[in-house]
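Report on the following structure.
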Protein chains: 2
Amino acid sequence: MRKAVDTVFRYLAVLQCVPAHPARKTTTRILAELREKDPEFNVSARSMQRSLEQLSARFPITCETVGRTNHWYWIDSHAMTQLPAMTEHTAFALRLANEYLRPLMPPATLRLLDSYFNHANRLLKGSALGRWANRARIVARGPLLTPPPVKEDVQRAAYNALLNDRLLEINYRSRSQQRSQRVALNPLGLVFRETVAYLVASAWHYPDVRHYALHRMSKPRLLDQPAGTPPGFRLASHIRDELRFSYPLASGNIPLRAAVSPEVAEHLAERRLSGDQRIARHADGRIVVEASVANTQELRWWLLGFGSAVEVLSPASLREEFAAQSRAMQAMYETEAPS
Amino acid sequence: MRKAVDTVFRYLAVLQCVPAHPARKTTTRILAELREKDPEFNVSARSMQRSLEQLSARFPITCETVGRTNHWYWIDSHAMTQLPAMTEHTAFALRLANEYLRPLMPPATLRLLDSYFNHANRLLKGSALGRWANRARIVARGPLLTPPPVKEDVQRAAYNALLNDRLLEINYRSRSQQRSQRVALNPLGLVFRETVAYLVASAWHYPDVRHYALHRMSKPRLLDQPAGTPPGFRLASHIRDELRFSYPLASGNIPLRAAVSPEVAEHLAERRLSGDQRIARHADGRIVVEASVANTQELRWWLLGFGSAVEVLSPASLREEFAAQSRAMQAMYETEAPS
DNA sequence: GGTTAATACGACATAGTGCGTCGCATGAGA
DNA sequence: TCTCATGCGACGCACTATGTCGTATTAACC
């Protein structure tokens with residue numbers, strides 16, 4: 001039964017089945033995959049050949065003829081079409097997302113999303129929204145840190161190794177040693193800390209689990225040997241243990257009480273620290289914030305950043321930490337600056 | 001003249017032209033838009049009606065008949081197809097992006113991107129990558145602040161007003177006043193500060209430009225009157241001026257010199273403060289970082305967050321600021337905590 | 001309330017095209 | 001050299017997409 005809608009449907013399925021550039025599929029493979037996915041895919045091989053040929057006239061797909069068989073692929077993965085089409089609002093949101101993510105994500109990971117951002121930009125360029133570049137600004141916290149560049153092949157290999165549970169052989173240039181060293185890693189997880197991506201892995205024979213920054217890797221090679229997970233390994237608990245000293249992620253919450261300046265109170269009135277946050281204005285003019293928050297290092301950073309605009313009242317242990325911190329700082333700054 | 005496979009591609013064009021749910025287009029509008037885009041779109045209106053009806057049988061599009069005219073739209077914006085299909089790596093990157101953005105973006109803006117994230121999640125669910133939820137973690141800086149919810153209609157109206165240069169009438173509940181007030185705003189720009197979105201606008205007759213938080217708006221109504229931009233207004237300079245006290249974005253860079261702990265040095269070795277950052281290890285064991293950085297409030301927050309692990313050496317003015325800050329903190333904490 | 005414009009939709013005839021089938025050419029592997 | 005797999009040209013037919021016309025319904029306007 002030949003209906004144009006069916007044809008459209010089928011063509012879309014074909015287009016979705018054709019892979020993006022580095023990969024490719026033969027005509028018969030595409031047909032087989034589609035037949036398997038949808039049993040009512042009753043077209044002859046000839047029709048499939050014709051479909052692909054037709055589609056290649058209007059979409060950026062081509063075939064490379066090796067021998068007698070055609071291998072199909074998308075030429076330009078940046079040329080993207082989607083149904084339904086992206087709206088201007090969504091395009092704008094994507095543009096914002098891009099700006100937000102740029103200082104946070106490893107560049108190689110971000111590059112995977114480039115086609116989306118490009119698509120959004122192309123859409124906005126034509127419309128009145130194009131001016132929005134000058135009409136929206138993101139005021140970020142913290143300075144813009146420059147993310148270290150990760151080699152694209154390293155990123156791909158690391159993701160693949162983790163995905164397929166395979167050993168990953170790389171040159172690793174650790175911070176302490178100048179020269180890089182060839183190691184085979186047993187990938188267990190990925191941790192992103194600000195802009196840096198770390199592969200959580202155990203080196204070849206050794207049982208201990210360590211962190212390897214992706215940007216210090218080079219010359220990746222996927223080994224055929226399957227990787228093994230140490231019994232009982234769980235990424236969440238590993239992070240808690242491994243990063244205990246630098247970034248403790250305590251499980252329990254603590255009841256925080258702090259006196260804050262009007263500016264900070266205003267800040268917190270809009271973005272609450274927790275669901276149960278309460279802000280009370282005392283008789284003496286001080287504003288006290290109460291909230292149960294996770295007892296983390298990040299909390300300390302964040303509170304400390306406000307300086308004298310925030311005074312931790314309780315828990316007593318946290319107050320003592322801050323008192324010690326301020327004593328140390330005061331001692332530091334009261335001496336003359338060394339040249 | 002009905003050329004070969006034209007029908008099929010025309011149907012595709014129609015599918016791309018039909019908007020996602022909240023929006024909708026009439027049959028004639030779709031025809032007009034397509035005719036304008038592609039001059040060889042010589043089909044009768046009747047054909048277009050038939051096309052849409054046919055497509056609605058296999059694709060999630062429907063029409064709502066208001067009066068005598070049909071308004072078409074995609075039912076389920078979550079059902080998305082993109083060409084070429086999303087790869088697993090990209091899906092994973094999107095998933096990460098989602099996690100990164102959640103604490104940063106206004107929820108309503110984030111919701112515009114939901115279909116992408118959902119699409120990615122659906123893709124990952126089936127594959128081996130599904131486990132990646134337990135294999136990747138983002139270690140963020142700062143506690144998770146709860147973003148204030150923005151009403152969806154407010155967000156849409158605000159974006160539309162800015163896009164079409166139209167006056168926006170809303171109920172605004174300012175922080176100081178309990179009751180909300182009806183105001184007509186002249187939209188000029190959007191500013192995102194942490195998770196809060198502000199509309200930069202001037203109220204009806206008044207010449208001064210102010211910031212209106214989106215989450216304090218309700219009952220939006222787009223007016224037909226065109227909005228006007230004050231002569232010489234530029235968002236970037238406005239932010240610099242308006243936010244001078246809370247978030248100064250000074251234009252010039254300052255040469256920062258700071259003594260840091262080994263941990264902070266390690267941190268900075270990976271994410272550089274600036275392109276010219278240098279880290280020197282002095283004879284007495286102290287590590288000194290030099291970089292030219294923007295002279296902003298965020299820089300102070302960020303440096304202060306490290307507490308006694310960072311000692312600002314120069315510029316002298318900045319060091320004096322930090323010395324004063326630490327004196328104030330010390331004074332604060334050496335007195336007993338008030339109950 | 002009457003009139004007009006706009007839109008949707010059913011019916012019908014016809015052209016022309018998508019699809020299956022067949023057969024041949026070509027390249028790879030045994 | 002033989003065999004198998006794939007691509008591709010050709011052919012014929014069924015069937016569907018399309019334009020046209022007429023009618024029903026609604027909104028808008030005087």
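Each chain gets a letter, A, B and so on, in the order its sequence line appears, and its residues count up from 1.
Here the P atom of nucleotide D:dA5 and the NE2 atom of A:H71 are 16 Å apart, to the nearest Å. Taking atom CE of residue A:M48 and atom P of nucleotide C:dG20, one finds them 10 Å apart after rounding to whole Å. Between the C1' atom of C:dA8 and the CD1 atom of B:I30 lies a distance of 14 Å, rounded to the nearest Å. If you take CZ of B:F9 and C1' of C:dG18, they are 13 Å apart, rounded to a whole angstrom. In this entry the distance linking CG of B:N70 with P of C:dG10 reads 11 Å, nearest Å. Rounded to a whole Å, the CG atom of B:L31 is 11 Å from the P atom of C:dT7. For B:L52 and C:dT7, the CG to C1' distance is 13 Å, given to the nearest whole Å. Between the OH atom of B:Y11 and the P atom of D:dA17 there is a distance of 5 Å, given to the nearest Å.
In this structure, B:S47 reaches the D:dG19 phosphate: one of its side-chain N or O atoms is under 4.0 Å from OP1 or OP2. At C:dA28, none of the side-chain N or O atoms of A:T69 fall inside 4.0 Å of OP1 or OP2 (strictly under the cut-off). Proximity of B:T7 to the phosphate of C:dG18: no side-chain N or O atom is located under 4.0 Å from OP1 or OP2. Between B:T65 and the phosphate of D:dT26, there is no side-chain N or O to OP1/OP2 separation shorter than 4.0 Å. Distances shorter than 4.0 Å separate some side-chain N or O of B:Q54 from OP1 or OP2 on D:dA17. Side-chain nitrogen and oxygen atoms of B:Q49 include none within less than 4.0 Å of the OP1 or OP2 phosphate oxygen of C:dC9.
Side-chain N/O atoms of B:R46 and base N/O atoms of C:dG10 include a donor-acceptor pair closer than 3.5 Å.
Neither side chain, A:T62 nor A:W72, offers a donor N or O lying under 3.5 Å from an acceptor on the other.
Both A:V66 and B:R68 sit near DNA chain C, but only B:R68 has its closest nucleotide nearer the 5' end.
At the heavy-atom level, A:E53 lies nowhere under 4.0 Å from the strands shown. Within the 4.0 angstrom heavy-atom criterion, only backbone atoms of the sugar-phosphate kind lie near B:T28; the bases stay farther away. Using a 4.0 Å heavy-atom criterion, one finds that A:R10 contacts the sugar-phosphate atoms exclusively.
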Checklist line | Residue pair B:V43, B:L31: steps toward the side chain to side chain contact (heavy atoms under 4.5 Å, CB included) verdict | finding: CA-CA 9 Å; B:V43 286; B:L31 180 59; 4.0 Å; yes
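B:K219 and B:E169 are not joined by a salt bridge, as no carboxylate oxygen comes within less than 4.0 angstrom of a charged side-chain nitrogen.
Comparing D:dT20, D:dG7, D:dA10 against the side chain of A:R50 picks out D:dA10 as the nearest.
Aromatic ring centroids of B:F192 and B:Y198 lie 6.0 Å or more apart.
Judged by the 6.0 Å distance and 45° axis criteria, A:R24 is not positioned over the aromatic ring of A:Y73.
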